[in-house]
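Okay, so here's the structure we're looking at.
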Amino acid sequence: MQVKVYVPKTVEIPSEYLPALVQRANENLGDAGRSVAASRGHLVRQAVRDGLLRELDHLMGEDDAVDLYCDPGSEIPLEIENRTVTLTELLEALQNKKASWGIKSEDLADTQPGITPRRRAA
């Protein structure tokens, strides 16, 4: 008998990569990105697709689907100010945060060349 087991593991995704990960995850979902609640799973699966978490490469199938869940039972939606947000809303919030800190997107691209994906997302 073969049984798939999910073992708790903590991974680190640098905060400066979050806007780009959210944007690509949102693009992968298409129109559904406007209505689907954002979750940690969206971000981690996109990070695996992009090659940021090489230790989890074995969880990616040939169809670029990533067999990974971040919360037991089901994925818990992310919240901002006690309100569940969609991927589109999360991206807007992250972009507004960058703008309020005075960080320009050109500056971010210059200082962090690794923000572009190493793999093409499905």
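These figures come from a predicted structure and were not determined experimentally.
In this structure, CG on Asp50 lies 10.5 Å from OH on Tyr17, to the nearest 0.5 angstrom. The distance from atom CD of Gln46 to atom CG of Leu18, rounded to the nearest 0.5 Å, is 12.0 Å. Note: Leu90 CG to Gln23 CD = 12.0 Å, rounded to the nearest 0.5 Å. Atom-to-atom distance recorded for Arg49:CZ and Asp57:CG is 12.5 Å, nearest 0.5 angstrom. Annotation: the span from Leu78 atom CG to Ser39 atom OG amounts to 6.0 Å, rounded to 0.5 Å.
Taking Lys4 as the reference, Asp67 meet the salt bridge (Lys or Arg N to Asp or Glu O under 4.0 Å) condition, with sequence neighbours excluded. Residues passing the side chain to side chain donor-acceptor pair (under 3.5 Å) test with Asn82: none are found, sequence neighbours excluded. Considering only residues two or more places apart in sequence or on other chains, Thr88 meets the side chain to side chain donor-acceptor pair (under 3.5 Å) condition with Asn26. Remark: Glu55 pairs with Lys9, Val11, Leu53 by the side-chain contact (heavy atoms from CB on, under 4.5 Å) rule, at least two apart or across chains. Residues that satisfy the side chain to side chain donor-acceptor pair (under 3.5 Å) test with Glu79, not counting sequence neighbours, are absent from this structure.
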For the pair His42 and Val36, evaluate side chain to side chain contact (heavy atoms under 4.5 Å, CB included) and give the outcome as yes or no after the intermediate values. CA-CA 10 Å; His42 289 114; Val36 172; 3.7 Å; yes
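Identified under the salt bridge (charged side-chain N to carboxylate O under 4.0 Å, His left out) test for residues 35-44, with sequence neighbours left out: Arg40-Asp71.
A distance-only check finds no donor-acceptor pair linking the side chain of Arg45 to the backbone of Ala65 [under 3.5 Å]. The backbone N or O of Thr86 sits less than 3.5 Å from a side-chain atom of Glu89, completing a donor-acceptor pair.
By the rule that hydrophobic residues join a cluster once side-chain heavy atoms approach within less than 4.5 Å of another member, Tyr69 and Ile13 end up as members of separate clusters. Both Leu87 and Ile80 belong to a common hydrophobic cluster when Ile, Leu, Val, Met, Phe, Trp and Tyr are linked at side-chain heavy-atom distances under 4.5 angstrom.
When all heavy atoms are compared, the tightest approach of Cys70 to Gly41 is SG-CA, 3.6 Å. Ser15 approaches Pro19 most closely through the heavy-atom pair O-CD, 3.7 Å.
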